[in-house]
Amino acid sequence: MLGFACICKSLNDNGCFKTTTIKYLSKLDKSSQIKKLRSIAVDNLYNTSKILEWCAENGIFLYRMSSDLIPLATYYEDWHWWEDADILKQCDNIKTASQNKGIRISMHPDQFCVLNSEKSNVVENSIKILQYHNRLSCLTGNKLLVLHVGSSAGGKKTAMERFSANFKMLDTDIKTKLALENDDKVFTALDVLGLCETLGIPMVLDLHHYRCRNEGEDLSALRARIIKTWQKKKPKLHLSSGRAYDTDRSHADYITPEDYKMATDFAGNDFDIMLECKEKDLALLRLVK
DNA sequence: CTCGGTCAAGGATAC
DNA sequence: GTATCCTTGACCGAG
């Protein structure tokens, strides 16, 4: 099963997400700020359920929700967006749509969520980011948060130990949603697999990151172990093509036929494949065609 | 209307 | 320490 992330280019009016900035909001009075934030959140959540409907109509049952549905969610702590009736209604629509249509959803906290940072304020903020994702996940029925290990400061071993220690301090509710993904600069598939096995969480294999960064490990030898980390859930891998060349870390607009074949050969019927490319759903439709 | 500078946030690197 | 890059896409606002 193929899926795509966030933006849906096929939907002109409902396929994208709004946002705002602190700088802009600071020019408004408090009530206008909240009004603006609410309006953006409701629109973004509404668009997400529209995208889910579009997915079902187009035979797509795998989708990653945007992390930026609630604007400035971890900044405006006095704005209790999760107590807003309109927002709750929209979240419930997403939950119902994904469950009724059988769409497997996930989220992927961005680069600012560095749980293993050496800076305590960064760790605290990362936990806030995870709490936000968890809260939104609970309301929308999402059960999977895909994360990178993060910083490599102090060396890989120390950095992974920091990750484990901080992971263990998280709420159980968050821990049961987390999965870890290998990255393209530091933590290899083997590094992340070992960490996932130790922590008892699923591993998302990113094939492009593996291509950019590996220590010669043989993926076919890791395949069964990776699947095992998912227990009864459907394992997932990420696929993208390099923009300018194979190991270019920048993502291309589309997936090359060669990369798609490589991924499907590896995945068989055992893995869902999440596409990461600029043209999103359009790239997926091209592959299916 | 169009286009470009700007934006909460981290990390790594080079100087 | 500080500057700069990596890198996303939506937005404001100048023209």
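Naming: A, B, ... by sequence-line order, numbering from 1 per chain. What you see below is based on every heavy atom in this structure, not just the backbone, and it leaves out hydrogens, waters and symmetry mates.
- If you check the side chains of A:Thr19 and A:Asp68, you find no donor sitting under 3.5 Å from an acceptor.
- Looking at heavy-atom distances under 4.0 Å, A:Thr74 makes contact with a base.
- The distance from atom CG of A:Leu147 to atom P of B:dA9 is 20 Å, rounded to the nearest whole Å.
- Spacing between C:dT8 and B:dT2 at atom P, rounded to whole Å, works out to 25 Å.
- The distance between atom OH of A:Tyr24 and atom P of C:dC12, rounded to the nearest whole Å, is 5 Å.
- Residue contacts shown for A:Lys128 are absent, as no nucleic acid heavy atom lies under 4.0 Å away.
- Dashed line: the shortest gap from a side-chain N or O of A:Lys278 to OP1 or OP2 of C:dT8 is under 4.0 Å.
- Only the P atoms considered, B:dC3 is 25 Å distant from C:dT7, to the nearest whole Å.
- Between A:Lys27 and C:dC12 there is no side-chain N or O to OP1 or OP2 distance below 4.0 Å.
- Relative ring orientation between A:His208 and A:His251 is described as perpendicular, the plane-to-plane angle rising above 60° on a 0-90° scale split at 30° and 60°.
- Contact annotation for A:Leu72: base contact, defined as any heavy-atom pair under 4.0 Å involving a base atom.
- When the P atom of C:dT7 is taken as reference, atom NE2 of A:His209 falls 10 Å away, rounded to whole Å.
- Here B:dA9 is the nucleotide among C:dT7, B:dA9, B:dG11 with the atom lying nearest to any side-chain atom of A:Phe112.
- At a threshold of 4.0 angstrom between heavy atoms, the contacts of A:Cys16 are confined to the sugar-phosphate backbone, with no base atom among them.
- Listed pair A:Thr19 / C:dG9 fails the phosphate criterion, with no side-chain N or O lying under 4.0 Å from OP1 or OP2.
- Within the structure, every side-chain polar atom (N or O) of A:Lys18 is placed at least 4.0 Å from both OP1 and OP2 of C:dA10.
- At whole-Å resolution of the value, CG in A:Asn125 and P in B:dG11 are 10 Å apart.
- A:Ile129 places its CD1 atom 9 Å from the C1' atom of B:dA8, with the value rounded to the nearest Å.
- Out of B:dG10, C:dT7, C:dC11, the shortest distance to the side chain of A:Val114 is found at B:dG10.
- The salt bridge (Lys or Arg N to Asp or Glu O under 4.0 Å) test with A:Asp272 singles out one residue from A:Lys233, A:Arg64, A:Arg104, A:Lys236, and that residue is A:Arg104.
- Across every non-hydrogen atom of A:Lys18 and A:Asp43, the tightest pair is NZ-OD2, 3.1 Å.
- Which of B:dA12, C:dT7, B:dG11 sits closest to the side chain of A:Ser152 comes down to B:dA12.
- Of all nucleotides listed (B:dG10, B:dA8, C:dC12), B:dA8 comes nearest to the side chain of A:Lys23.
- A donor-acceptor contact shorter than 3.5 Å links the side chain of A:Arg223 to the backbone of A:Phe266.
- Counting non-hydrogen atoms under 4.0 angstrom, A:Ser126 reaches nothing in the nucleic acid.
- Salt-bridge formation is not detected for the pair A:Lys175/A:Asp171: no Lys NZ or Arg NE/NH1/NH2 atom is positioned less than 4.0 Å from an Asp or Glu carboxylate oxygen.
- Closest to the side chain of A:Arg249, from the set B:dA8, C:dT7, B:dA9, is C:dT7.
- At least one side-chain nitrogen or oxygen of A:Ser151 sits closer than 4.0 Å to the OP1 or OP2 atom of B:dA12.
- The P atoms of B:dA8 and C:dG13 are separated by 13 Å, rounded to the nearest whole Å.
- For B:dG10, the OP1/OP2 oxygens have no side-chain nitrogen or oxygen of A:Lys185 closer than 4.0 Å.
- As rounded to the nearest Å, B:dG10 and C:dA10 have P atoms that lie 23 Å from one another.
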